[in-house]
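Nothing here was measured: the structure is a model prediction, and the numbers come from that model. Naming: A, B, ... by sequence-line order, numbering from 1 per chain.
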There are 2 protein chains.
Amino acid sequence: MDAQKLHISLNQISLITDEAWEEFEQLLEPVSLDRNDHLIRVGERTHFCYLLTEGVIRVYYSKEGNEYNKTFFVPGMFPTALTSLLTESPCQLSFQALLPCQLIKFSYHRFRNLFASHRCLETFLLRVLEGEWVKKEKHDIQMVTNDAITNYMIFREAYPGLENKIPQHHIASYLGITPIHLSRIRAQLTKKP
Amino acid sequence: MDAQKLHISLNQISLITDEAWEEFEQLLEPVSLDRNDHLIRVGERTHFCYLLTEGVIRVYYSKEGNEYNKTFFVPGMFPTALTSLLTESPCQLSFQALLPCQLIKFSYHRFRNLFASHRCLETFLLRVLEGEWVKKEKHDIQMVTNDAITNYMIFREAYPGLENKIPQHHIASYLGITPIHLSRIRAQLTKKP
DNA sequence: CATATGCATTAACATAGGTTAAGGAATGAA
DNA sequence: TTCATTCCTTAACCTATGTTAATGCATATG
């Protein structure tokens with residue numbers, strides 16, 4: 001993606017002035033990931049924000065050998081370890097490419113340093129966080145109030161085509177069930193759809 | 001709580017200049033709630049932000065007659081329907097006092113209108129949201145990776161004394177289990193502590 | 001090519017937690 | 001005081017989902 005298109009697309013979220021963009025643009029670097037590569041591993045410190053432009057990334061936490069998928073990132077989203085950046089502490093989450101990925105990364109601290117001279121960037125961050133908050137709340141309500149079958153069907157609508165591109169056990173983990181149980185659900189759905 | 005103390009206490013979160021405070025202070029109004037009163041009900045529109053100074057409030061979603069407690073607010077927290085304010089749509093959540101409560105409320109739109117002349121207030125909002133994000137993520141990880149017994153014990157540490165002041169079924173709902181099962185857990189814990 | 005590895009499915013079995021129901025303490029209203 | 005209501009607990013039962021294990025495919029590797 002070229003810089004001008006990116007500016008236009010980010011302006012949809014919140015206005016970034018040309019002057020701010022000129023400086024912000026200097027911070028941007030492309031990143032590529034192969035399938036199964038990790039962007040960030042649990043326990044690492046991170047200093048970058050990322051924007052996904054191609055591919056799919058999962059974020060998960062792990063405990064006692066089990067992994068719990070929290071979200072999938074698709075292009076246009078920010079697979080960024082925000083909590084680690086804010087608290088300046090090791091990341092509790094891991095970010096892994098499930099497909100080959102293209103990203104744009106930039107230094108969190110340099111970005112933040114631009115706030116002093118470009119207020120619009122601070123406003124931009126606030127808008128992004130607000131959007132994430134709304135999305136997260138909606139998702140939480142959905143996950144708690146529905147059963148696994150319903151959430152599976154919602155997943156298929158929210159991420160069209162994704163279920164055929166990534167292992168099913170990642171979907172099961174996202175739904176909070178075992179792969180075996182997801183398999184039972186799928187069998188049930190094909191019998192009487 | 002008098003205004004000066006409040007200013008000092010909010011300054012702990014992020015600096016609010018005296019000029020900004022002078023204007024912001026004009027927006028503040030006290031609110032009292034009796035036990036079981038609702039601050040906001042599902043389906044309502046809301047136009048205010050709230051700061052809790054005394055008491056406990058639960059936020060919950062309901063579906064098909066069931067209620068799911070999402071969080072408890074204790075003094076110092078902001079029991080505010082942020083998603084409803086941001087999306088300008090009816091609230092998906094309900095906020096209810098579990099104990100007699102004292103709050104301070106202020107108009108969300110008037111607050112936001114102050115951003116133009118007082119940048120520090122926008123920065124303040126960003127800080128609050130960042131803090132909420134960190135807290136929520138930590139809580140989510142905890143709830144998913146632990147079982148109900150562990151989460152019950154964490155609840156008791158996080159909200160000291162609260163379990164004796166509110167009905168147990170609210171705690172059970174918060175933990176994602178039935179009151180009957182919570183009762184079993186409690187019996188189990190008293191047998192061998 | 002042969003073998004190994006990862007993944008989905010299915011079946012048999014085990015169990016945590018839900019459901020229903022009943023009884024008793026505590027609280028509040030008449 | 002008595003009666004009603006709310007809430008906690010316990011027991012008996014039941015169901016959804018996890019666990020273990022075996023099978024078969026597909027893909028990757030030597």
Residues 107-116 of chain A vs salt bridge (charged side-chain N to carboxylate O under 4.0 Å, His left out), sequence neighbours excluded, gives A:Arg112-B:Glu130
What salt bridge (charged side-chain N to carboxylate O under 4.0 Å, His left out) pairs are there with at least one residue in residues 52-77 of chain B, not counting sequence neighbours?
B:Arg58-B:Glu67
With sequence neighbours left out, which residue pairs that include part of residues 146-165 of chain B fulfil the ring-ring contact (aromatic ring centres under 6.0 Å, His included) condition?
B:Phe72-B:Phe155, B:Phe72-B:Tyr159, B:Phe155-B:Tyr159, B:Phe155-B:Tyr174
Mind calculating the distance between [atom1] ([X]) and [atom2] ([N]) to the nearest angstrom?
X        : N      : atom1 : atom2 : result
A:Leu182 : C:dC7  : CG    : P     : 14 Å
A:His181 : C:dT15 : NE2   : P     : 19 Å
B:Gln188 : C:dT15 : CD    : C1'   : 14 Å
A:Arg184 : C:dA12 : CZ    : P     : 12 Å
B:Asn151 : C:dG17 : CG    : C1'   : 15 Å

Can we say B:Arg127 and B:Glu132 salt-bridge, meaning some charged N sits less than 4.0 Å from an Asp/Glu carboxylate O?
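Between B:Glu132 and B:Arg127 there is no salt bridge, as every charged N stays at least 4.0 Å from the carboxylate O atoms.
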Within the distance-only criterion (no hydrogens, no angle test), does the side chain of B:Ser94 pair as donor or acceptor with the backbone N or O of B:Val42 below 3.5 angstrom?
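Pair found, side chain donor or acceptor close to backbone of B:Val42.
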Using a 3.5 Å distance criterion without hydrogens, assess whether the side chain of B:Asn146 forms a donor-acceptor pair with backbone atoms of B:Gln142.
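Yes, the answer is positive, given that a donor and an acceptor are paired below the 3.5 Å cut-off.
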Can you name the residues that form a side-chain contact (heavy atoms from CB on, under 4.5 Å) with [X], not counting sequence neighbours?
X        : answer
A:Asp147 : A:Ile149, A:Thr150
B:Glu88  : B:Arg45, B:His109
B:Glu122 : A:Arg119, A:Thr123, A:Leu126, B:Phe115

Please report how far the helix from C:dC1-D:dG30 to C:dA30-D:dT1 bends, comparing the axis fitted to its first five pairs with the axis fitted to its last five, to the nearest 10 degrees.
40°
Ordered by number, residues from residues 152-172 of chain B within less than 4.0 Å of DNA chain D (heavy atoms) are B:Pro167, B:Gln168, B:His169
Applying salt bridge (Lys or Arg N to Asp or Glu O under 4.0 Å), name anything that partners B:Lys136, two or more places apart in sequence or on another chain.
A:Asp140, B:Asp140
Under 4.0 Å from a heavy atom of chain B: give me the 5'-most and 3'-most nucleotides of DNA chain D that qualify.
D:dC7 to D:dA12
So, is A:Ser183 near the phosphate of C:dA8, with a side-chain N or O under 4.0 Å from OP1 or OP2?
no
Passing candidate, ring-ring contact (aromatic ring centres under 6.0 Å, His included) with B:Phe106, options B:Phe48, B:Phe24, B:Tyr50
B:Phe24
Which donor-acceptor pairs under 3.5 Å do the side chains of residues 13-23 of chain B make with protein atoms, sequence neighbours left out?
unit_1: B:Thr17; atom_1: OG1; unit_2: B:Ala20; atom_2: N; d: 3.1
unit_1: B:Trp21; atom_1: NE1; unit_2: B:Glu25; atom_2: OE1; d: 3.2
unit_1: B:Glu23; atom_1: OE2; unit_2: B:His118; atom_2: NE2; d: 2.9

Please tell me whether A:Gln96 and A:Arg41 have a donor and an acceptor in their side chains that are separated by less than 3.5 angstrom.
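There is no such pair (donor and acceptor under 3.5 Å, judged by atom type) between the side chains of A:Gln96 and A:Arg41.
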Polar-atom pairs under 3.5 Å, protein N or O versus N or O of nucleotides 21-28 of chain C: list them with distances, or write none.
none

Does B:Pro179 or A:Ala148 map to a spot on DNA chain D nearer the 5' end, using the closest nucleotide for each?
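By nearest-heavy-atom nucleotide position, the 5'-most residue is B:Pro179.
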